[in-house]
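Have a look at the structure below, then the notes.
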Amino acid sequence: MSGANYPAYITGSDGDVLDRAFERIVKALNEDAAAFLFGAGMSATSNLPTGTLALKSLLRLFFPGTGRNPPEDNRLEELVSEFPFEVAVQAIQENLGGTRDDLTNQLKAFFLDPAFLPSPAHSDFLSACYWRGRQRLDLVFTTNFDTLLEQVVGSDRAVTITEQNAKEIRNVRADGRLPILHLHGILTEKYQITETDVSGDEFRTLTSEFRTALAYNDAFVFVGYSMNDPDFRGVYLNYRREFIDRKRTEKKTYVVSPAKDRYSYAFGKEVWKARGADWIPMDATGFFAQLKYLLESRFDREAKDNVKRKYAVADEKALEDLIGRVAAALKVGPSEALEFLNETKTRGGGN
């Protein structure tokens, strides 16, 4: 990838705005001052159902195909948009038998299928998180029920955090591992999904951690949330004051999700701005591919400048010649040769 792959309708000053947004996120990552919250759009890159698709599947249980006049597929899609997600799930839970277990079993079938694997978006996020071998994030937030983030980070480094084990966060950080905070819980413990759930206050420790992250980090990036996403609506309403406070400072909030077309983007970016966020109209795959490219580009430039100083290299051509000779001697590529020259001390002991 040689540059930003923005949608075709992003032209002129809009492109400049997005370029600056990416640069600020890269800078925040480099300074350990970035945070991420992941929604359904991130998991959708691994073909997990979004909330809309999950609700549609649950409605098929409410209106069984064996009935006398089950709704057509397009009517089910209309019903999904007619009722708030958490309200609809509440009603379906009551009609599945009235127990939480019935709903939980259905949700596990949707979200915990072992066939779901991390996607390229997850892999590029991992690169950003551990850019050049150093952990850049001290925790990660998600409202998803799956554990794809834990899978891509690895069981030796990632720790699933819920309200049940939230007191372990400090120890997990001290061990150099990455806490992944599931703000709505996980399906094998307590979780929030119905109207009754989201109006409760059982998840107090996670709430406190999220509020602190909103206050501290220079760049807070929401990945995979649409304009009507119930998870984002809940987050925004619960932390509206913190969003407003961020608007009053130089701290930036970004929302990463694709726009339907140029009209959607033109109007939607103003809606997000009113909420205190800048809209990056890309899917998770494109966003993290671009972020990885910019991180690598920044390292290459910084490394080249350092090598030029360290070895008293006069110009770019002389630098490329040096990199080429080292690459040939070590039988590696130019990128590996540059990293070798950047990390190796000179005879005088300089870096």
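- Within 6.0 Å of the CZ atom in R240, the count of heavy atoms belonging to other residues, nucleotides or ligands does not exceed 12.
- A salt bridge between K308 and D305 is absent, with no side-chain N of the basic residue lying under 4.0 Å from a carboxylate O of the acidic one.
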Could you give me the CA-CA distance, side-chain angles and deciding distance for F125 and F38, then say whether ring-ring contact (aromatic ring centres under 6.0 Å, His included) is met? CA-CA 11 Å; F125 161 71; F38 293 103; 5.0 Å; yes
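- Using a 3.5 Å distance cut-off with no hydrogens or angles, the side chains of T196 and Q90 do pair a donor with an acceptor.
- S119 pairs by the side chain to side chain contact (heavy atoms under 4.5 Å, CB included) definition with T45, S46, A121, H122, not counting sequence neighbours.
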V159/L178 under side chain to side chain contact (heavy atoms under 4.5 Å, CB included): CA gap, chis, key distance, verdict: CA-CA 6 Å; V159 178; L178 180 66; over 6 Å; no
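- Using a 4.0 Å cut-off between a side-chain N of Lys or Arg and a carboxylate O of Asp or Glu, R177 and E168 do not qualify as a salt bridge.
- Taking 4.0 Å as the cut-off between side-chain N and carboxylate O, R134 and D32 count as a salt-bridged pair.
- For the pairing with W272, the ring-ring contact (aromatic ring centres under 6.0 Å, His included) check across Y265, Y225, F232, F267 returns one residue only, F232.
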Determine, stepwise, if the pair F222 / Y254 fulfils ring-ring contact (aromatic ring centres under 6.0 Å, His included). CA-CA 6 Å; F222 294 76; Y254 303 97; 10.0 Å; no
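- Taking all atoms of both residues into account, the shortest heavy-atom contact from K247 to A274 is NZ-O, 3.8 Å.
- For the pair D113 and A109, the tightest heavy-atom approach, listed with the atom from each and the gap, is CB-O, 4.4 Å.
- More than 12 heavy-atom neighbours from other residues, nucleotides or ligands sit within 6.0 angstrom of CD on E82.
- Ring orientation note: the planes of F210 and F220 are nearly perpendicular, at an angle over 60° on the 30°/60° scale.
- Without hydrogens or angle criteria, E189 side chain to T162 main chain gives no donor-acceptor distance under 3.5 Å.
- With sequence neighbours excluded, the residues that form a salt bridge (charged side-chain N to carboxylate O under 4.0 Å, His left out) with E242 are R211.
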With salt bridge (Lys or Arg N to Asp or Glu O under 4.0 Å) as the criterion, how do E31 and R136 come out once you've worked through the C-alpha distance, each side chain's angles and the decisive distance to 0.1 Å? CA-CA 8 Å; E31 296 174 354; R136 307 284 169 162; over 6 Å; no
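- When every heavy atom of F111 is checked against every heavy atom of A54, the shortest pair comes out as CZ-CB, 3.9 Å.
- Partners of K56 according to the side-chain hydrogen bond (donor to acceptor under 3.5 Å, both in side chains) rule, which considers only residues two or more places apart in sequence or in another chain, are D73, E77.
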Working for side chain to side chain contact (heavy atoms under 4.5 Å, CB included), residues R100 and I193: CA-CA 11 Å; R100 187 68 158 191; I193 193 170; 4.3 Å; yes
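- Judged purely by distance below 3.5 Å, without hydrogens or angles, the side chains of Q192 and H182 never pair a donor atom with an acceptor atom.
- D124 places no side-chain N or O within 3.5 Å of a backbone atom of K292 that could act as its donor or acceptor partner.
- Between R204 and E209 no salt bridge is recorded (no basic side-chain N to carboxylate O distance below 4.0 Å).
- With respect to D315 and K317, no salt bridge is recorded, no charged nitrogen being found less than 4.0 Å from a carboxylate O.
- No side-chain donor from either of Y311 and N306 sits under 3.5 Å from a side-chain acceptor of the other.
- Just one of R246, K252, K269, K273 meets the salt bridge (Lys or Arg N to Asp or Glu O under 4.0 Å) condition when paired with D278; it is K252.
- Note that R275 lies in the cation-pi zone of Y236, set by a 6.0 Å cut-off to the ring centre and a 45° limit from the axis.
- Two rings, from F145 and F110, have their centers 6.0 Å or more apart.
- Applying the 6.0 Å contact sphere to CZ of R241 captures no more than 12 heavy atoms from other residues, nucleotides or ligands.
- Counting non-hydrogen atoms of other residues, nucleotides and ligands closer than 6.0 Å to CD of E72 gives a total of 12 or fewer.
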